S.K.: 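Supplied in structure tokens, the structure appears directly below.
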Amino acid sequence: MNKKIKTEAVDQLFDAIMTLKDRNECYAFFEDLCTVNELLSLSQRFEVASMLKDHRTYLDIAEKTGASTATISRVNRSLNYGNDGYELVFKRLNA
């Protein structure tokens, strides 16, 4: 875990997120918390991660999502050398 992000403020944000009960509550909270572009960027990274996990090519991912090769590469690095956060979520979504 990156010690730079481990702060009381981040803990409070994550605690707040964990109180959300359904997709509608998530929409309400994240629309207040993020700009439209921030939320779309987060969702794009998650879609890129999913496509990388399915062994799709960078070109295919870029065409489908509009993500730059730099973004795709950054997500790929997280998938391969990160904290397994994506993998944790993918396993739970497929359970």
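Quantities reported herein were computed from a predicted structural model and do not represent experimental measurements.
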S.K.: Could you pull out all residues at least two apart from F46 that satisfy ring pair (Phe, Tyr, Trp, His ring centres under 6.0 Å)?
M.R.: F90
S.K.: Could you tell me whether the side chain of F30 reaches within less than 4.5 Å of the side chain of L20, counting heavy atoms only?
M.R.: yes
S.K.: List in chain and number order the residues that pass side chain to side chain donor-acceptor pair (under 3.5 Å) with D60, two or more places apart in sequence or in another chain; answer none if no residue qualifies.
M.R.: R56
S.K.: Test: salt bridge (Lys or Arg N to Asp or Glu O under 4.0 Å). Region: residues 7-24. Which pairs qualify, not counting sequence neighbours?
M.R.: K6-D11
S.K.: If you link ILVMFWY side chains whenever their heavy atoms are less than 4.5 Å apart, which other residues fall into the same cluster as Y81? By chain and number, please.
M.R.: none
S.K.: Give me the atom names and distance for the closest heavy-atom approach of V48 to A67.
M.R.: CG2-CB, 3.8 Å
S.K.: Of all residues at least two apart in sequence or in a different chain, which pass the side chain to side chain donor-acceptor pair (under 3.5 Å) check with K53?
M.R.: none
S.K.: If hydrophobic residues (ILVMFWY) are linked whenever their side-chain heavy atoms come closer than 4.5 Å, directly or via other members, who joins Y27 in its cluster?
M.R.: none
S.K.: Same hydrophobic cluster for V89 and V10, using side-chain heavy-atom links shorter than 4.5 Å among ILVMFWY?
M.R.: no
S.K.: To the nearest 0.5 Å, how far apart are CG in L13 and CD1 in I5?
M.R.: 10.5 Å
S.K.: Apart from L88 itself, which Ile, Leu, Val, Met, Phe, Trp or Tyr residues share its cluster (side-chain heavy atoms under 4.5 Å, direct or through members)?
M.R.: none
S.K.: Under the side chain to side chain donor-acceptor pair (under 3.5 Å) rule, what pairs show up with a residue in residues 86-95, not counting sequence neighbours?
M.R.: none
S.K.: Listed by chain and number, what are the side-chain contact (heavy atoms from CB on, under 4.5 Å) partners of A62, not counting sequence neighbours?
M.R.: I72
S.K.: Could you give all pairs that pass the salt bridge (Lys or Arg N to Asp or Glu O under 4.0 Å) test and reach residues 64-83, with sequence neighbours left out?
M.R.: E47-K64
S.K.: For a quick test of your reading: what N or O donor-acceptor pairs under 3.5 Å do the side chains of residues 33-41 make, sequence neighbours left out?
M.R.:
| residue | atom | partner | partner atom | Å |
| --- | --- | --- | --- | --- |
| T35 | OG1 | E38 | N | 3.0 |
| T35 | OG1 | E38 | OE1 | 3.4 |
| E38 | OE1 | T35 | N | 2.8 |
| S41 | OG | N37 | O | 3.0 |

S.K.: Sequence neighbours left out, what passes side chain to side chain donor-acceptor pair (under 3.5 Å) with R45? Give chain and number order.
M.R.: none
